[in-house]
A.B. asks: 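Here's a structure for you.
Every value quoted in this text rests on a predicted model; they were computed, and no experiment measured them. Letters A, B, ... are given to chains in the order of the sequence lines, protein chains preceding strands, and every chain is numbered from 1.
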Amino acid sequence: MTVSEDGNKQIGTAIEELVDSATTLSEDFGVEVEAAVRSAREHPLDARRARSLYTKILTILRARECDLSDEERAAVAEEVNREVEEIVGSVERPVALADEDFFVEHNGLRQRQVVPTPNFHDKTVEMTEGYVDIERLKLWKGNHRISLQIQEFEEHHGREPEEEELIPLMHGSILLPSLDKADPFELKPLAESIARKGVETPPIVSYEGEPKDGNRRIAASLLVVYGKGYDSAQKHRARYIRVWRAPEKTTADQFEAIVVSRNFERDHKKPWPEYIKAQLVVHEYEMRQRAIKGKVTRSELKKVREEVAHDFAIKADEVKRYDAMIRWSEDFTAYHLEEGRDPAAVRYKTEKNFQWFYELDAGKGDSKLTRKLDGDDELKAVVYDLMFDVLESGTQVRSLYQVVGNADTAQMLLKAHEVSATDPDTAGDLVDDAITEAKRRNVKRRSIGFEAFLKGMVERLGTTPPDQWEKVDTELLLQVRRVATSTLGAIEGEEKVRTEHGEEISS
Amino acid sequence: MTHKTETTAKAQCEDLIEEHFPEGLIRTLQRKFPTGRFQDFEDAVAEGFVKFLAKDEVLETPAGYVTVVAIHCIQRLFVRAAKEALPEGDPDGEAGVEPWADPTAEKVIGEATFGFVRGIVETWQSLNVRSATLVVLEAVELEEPISSAELAEELESLLGEDVLPDTARQWRKRGLDRLRAELHELDEVKEEK
């Protein structure tokens, strides 16, 4: 954009603002003034807010005489406080916000009665639902989920955590000795989900706005609202959440029923099979790829994956994973149909064991079974037949790459394939033996690798000057200490075992 | 219609407080701007009192004056918030550019805007509508509310004839509608508000 274009754009905005201001400033707002006068009588604010408001206005009014000495200023403050208390105490005020003040109109939803009346563990509780500004909610110290942390906080600090300390406590930014995780309540994945689609299950709050169910959802929403890496639309989505508000006279028994119902009773909702989800995602992914004219570049593919992931509320990596799984499942189906198997049986097998097509991709680089299957039709026939007739778990499928990676165990697999049609039980035993042997050999290989790593570590740490530790991040230092302590324990244990077996170890 | 007596303006503020008008106004703002925050409403009401005291004049409808300033204050806040949110969705990829970051440029643009809009209004044939709109624009330039009664009073002295507040309100409305329509033709503002 050139400078003059930029200037024109700003002038355009300024003109719009000017006309808006002209309309507002020359309007009488008679209706609003009348409403305000009426509301002043009929709907006073709660004491906390009234106190805050009048303190602000009276301070403006009383402290206008500019250059006040400290004593005069203190006297004014005292006078303001006295007057504020007089005004606040002059009318009966609501203890908590009425529904119309508690809720905000959002997404076209005004507060309304929840119908049918919700039933929690055989107790019906009438609820009002609507959107609230997340900042209006406070976390509930009595929540069982955080009771351990609260207890530990009390032991550590000799006091209960303040209300404003509950959020950092849940976010993991207040460190407690027993919590070695940065995100003890695993709020970050939930925050990601809330940023994408908002809070789906409404938390249940008391009339005073204390959440009886949904502390974690609220804490995760606050993580989005105040956290880094979220755009304004995501923050807005997390700021206004739908809640169910209990009536003023809800009893402790009713709240207990709510907690039990929300945390112990299963909702019997059956999630879609992964196969169905993967098909939908991959279908969409393919459609969008086809919509791109010409050769599809890597960055375009990545962009398409991100868009599809966004629309299905999953991660871009999952799109890639589903794509590979569908490709292998189709290949598996095609192979067995060509072999003349019953189409229904093939379909059933593919759907039931869909996760196996993810396990098929285990391993690294060229050791991956999928790499080998791509160029070896005979191996493919062996693996696919065993998957159909013999294998029983995804763990077995995951181990196959180690089996085919070794000539001896690969032979065992071929033997299993030979007998699979006539004696599937023996074939199953042979596969298990092949997997066990392949793992044993793999551990031996890993052990050699581990020794090389230890030699490198000894050399590196042995030559590290003391001042190099000064630059290491505190968090990392703590992690190193934790790992080093457990490593020393393992070494001492091993020394003891070896000494007991007659080995002489000099320190 | 206004008298310059500081103590009485202050006394009018005291009266409003005694009638609990500030909290009634908060309630009204909450209804009018349901997604706004309490702290912003509180600041807007306080701004109404600050301006009223700074104006130093006894007003016929002090509650109206404070209300207009508060509403205007909230509207501006919303516009500012919308503008701050804009760079993220800026199709031109100008993310991070704050268009109002330069006060000097803002002043220049403000003056250019007033000059441009005033230039349009001054070409109008109807003396009454033209005068009413120019008075309103002057009030906007001073960021001061102007009630229909005050507008009528100003117009009486300008035109040398009696003007009723209702008549002034009509002229003002016709003027602002016409201004919107003309600016829309020039592609400067949205047609409907």
A.B. asks: Identify which part of B/Phe114 has an atom lying under 4.5 Å from any heavy atom of chain A, answering side chain, backbone, both or neither.
C.D. replies: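 Looking at B/Phe114, backbone and side chain both touch chain A.
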A.B. asks: Nearest 0.5 angstrom please: A/Ser21 OG to B/Glu141 CD, how far?
C.D. replies: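 Answer for the OG-CD pair, A/Ser21 versus B/Glu141, is 12.0 Å.
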A.B. asks: Decide yes or no on side chain to side chain contact (heavy atoms under 4.5 Å, CB included) for A/Asp20 and B/Arg76, but give the supporting numbers first.
C.D. replies: CA-CA 9 Å; A/Asp20 285 349; B/Arg76 284 180 68 103; over 6 Å; no
A.B. asks: Count the heavy-atom pairs under 4.5 Å between each of A/Val33, A/Leu53, A/Leu58 and chain B, then report the option with the highest count.
C.D. replies: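 The option with the most such pairs is A/Leu53.
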A.B. asks: How long is the span from the CD atom in B/Gln75 to the OG1 atom in A/Thr24, to the nearest 0.5 Å?
C.D. replies: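 Here the interatomic distance stands at 3.5 Å.
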A.B. asks: Start with the C-alpha distance between A/Ile60 and B/Leu53, add both sets of side-chain angles, then the distance that settles side chain to side chain contact (heavy atoms under 4.5 Å, CB included), and finish with yes or no.
C.D. replies: CA-CA 9 Å; A/Ile60 291 164; B/Leu53 287 169; 3.9 Å; yes
A.B. asks: Just one of B/Ile17, B/Leu16, B/Val66, B/Val50 clears the side-chain contact (heavy atoms from CB on, under 4.5 Å) bar with A/Ile57, so which one?
C.D. replies: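 Answer after filtering B/Ile17, B/Leu16, B/Val66, B/Val50: B/Ile17.
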A.B. asks: Mark yes when over 12 heavy atoms from residues, nucleotides or ligands other than B/Glu18 sit less than 6.0 Å from its CD; otherwise mark no.
C.D. replies: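 Counting neighbours around CD of B/Glu18, 12 or fewer heavy atoms of other residues, nucleotides or ligands fall under 6.0 Å, so no.
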A.B. asks: Is the count of non-hydrogen atoms from other residues, nucleotides or ligands lying under 6.0 Å from B/Glu122 atom CD greater than 12?
C.D. replies: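 Yes, CD of B/Glu122 has more than 12 neighbouring heavy atoms, counting only those of other groups under 6.0 Å.
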A.B. asks: Taking the side chain as every heavy atom from C-beta outward, state whether B/Ile146 and A/Leu25 have any pair of such atoms under 4.5 Å apart.
C.D. replies: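 When only atoms from C-beta onward are counted, A/Leu25 and B/Ile146 do not touch, as no gap falls below 4.5 Å.
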A.B. asks: Can you check whether anything in residues 164-175 of chain B gets within less than 4.5 Å of chain A, heavy-atom wise, and list it by number?
C.D. replies: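 Residues in range: B/Arg169, B/Arg172.
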A.B. asks: Which heavy-atom pair separates B/Thr113 from A/Ala14 by the least distance, and what is that distance?
C.D. replies: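 Taking B/Thr113 first and A/Ala14 second, the nearest heavy atoms are OG1-CB, 3.4 Å.
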A.B. asks: Within residues 82-92 of chain A, which residues come under 4.5 Å of chain B, heavy atom to heavy atom?
C.D. replies: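 At a heavy-atom separation under 4.5 Å, chain B is reached by A/Ile87, A/Ser90, A/Val91.
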A.B. asks: Heavy-atom pairs under 4.5 Å with chain A - which of B/Cys13, B/Pro22, B/Ser147 has more of them than the others?
C.D. replies: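 Winner by heavy-atom pair count: B/Pro22.
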A.B. asks: With a 4.5 Å limit on heavy-atom distance, are the side chains of A/Pro44 and B/His20 in contact?
C.D. replies: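 The answer is no; the side chains never approach within 4.5 Å.
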A.B. asks: Is there a side-chain contact between A/Val19 and B/Arg180 in this structure, where contact means two heavy atoms from C-beta onward sitting under 4.5 Å apart?
C.D. replies: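 SC-SC contact between A/Val19 and B/Arg180 confirmed.
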A.B. asks: Might you point out which heavy atoms bring B/Val140 and A/Leu18 nearest each other, and give the distance in Å?
C.D. replies: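 So the two residues come closest at CG1-O, 4.3 Å.
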A.B. asks: Could you go through B/Thr28 and A/Glu32, starting from their C-alpha distance and side-chain angles, then the distance that decides it, and tell me whether this counts as side chain to side chain donor-acceptor pair (under 3.5 Å)?
C.D. replies: CA-CA 7 Å; B/Thr28 304; A/Glu32 281 79 1; over 6 Å; no
A.B. asks: Quick one: pull up CG in B/Leu176 and OG1 in A/Thr23 and give me the separation to the nearest 0.5 Å.
C.D. replies: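 Between B/Leu176 CG and A/Thr23 OG1, I get 5.0 Å after rounding to 0.5 Å.
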A.B. asks: Between B/Val136 and chain A, which part of the residue has a heavy atom less than 4.5 Å away: side chain, backbone, both or neither?
C.D. replies: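 Just the side chain, heavy atoms under 4.5 Å.
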A.B. asks: Work out which heavy atom in A/Phe29 is nearest to a heavy atom in B/Thr67; give both atom names and the distance.
C.D. replies: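 Here A/Phe29 and B/Thr67 meet closest at CB-CG2, 4.3 Å.
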A.B. asks: Give, for atom CD1 of A/Ile15 and atom CD1 of B/Ile120, the distance between the pair rounded to the nearest 0.5 Å.
C.D. replies: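 So the gap between those two atoms works out to 6.5 Å.
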A.B. asks: Less than 4.5 Å to any heavy atom of chain A: does that hold for the side chain of B/Glu19, its backbone, both, or neither?
C.D. replies: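 Contact with chain A involves the backbone of B/Glu19 alone.
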A.B. asks: Please identify, among A/Gly30, A/Ala36, A/Ala40, the residue contributing the most non-hydrogen atom pairs under 4.5 Å to chain B.
C.D. replies: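 Counting heavy-atom pairs under 4.5 Å, the top option is A/Ala36.
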A.B. asks: Would one find more than 12 heavy atoms of other residues, nucleotides or ligands at under 6.0 Å from atom CD of B/Gln39?
C.D. replies: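 It does: B/Gln39 CD has more than 12 such atoms within range.
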A.B. asks: Using non-hydrogen atoms only, which part of A/Arg49 is less than 4.5 Å away from chain B: side chain, backbone, both, or neither?
C.D. replies: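 For A/Arg49, heavy atoms of backbone and side chain both lie under 4.5 Å from chain B.
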A.B. asks: Strictly distance-based, threshold 3.5 Å: is any side-chain N or O of B/Glu23 a donor or acceptor partner for the main-chain N or O of A/Leu45?
C.D. replies: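 Checking the backbone N and O of A/Leu45 against the side chain of B/Glu23, a donor-acceptor pair under 3.5 Å is found.
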A.B. asks: Does any heavy atom of chain B fall under 4.5 Å from the side chain of A/Tyr54, the backbone, both, or neither of them?
C.D. replies: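 Only the side chain of A/Tyr54 comes within 4.5 Å of chain B.
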A.B. asks: Might you point out which heavy atoms bring A/Leu61 and B/Lys10 nearest each other, and give the distance in Å?
C.D. replies: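 Between these two residues, the closest heavy atoms are O-CE, 3.6 Å.
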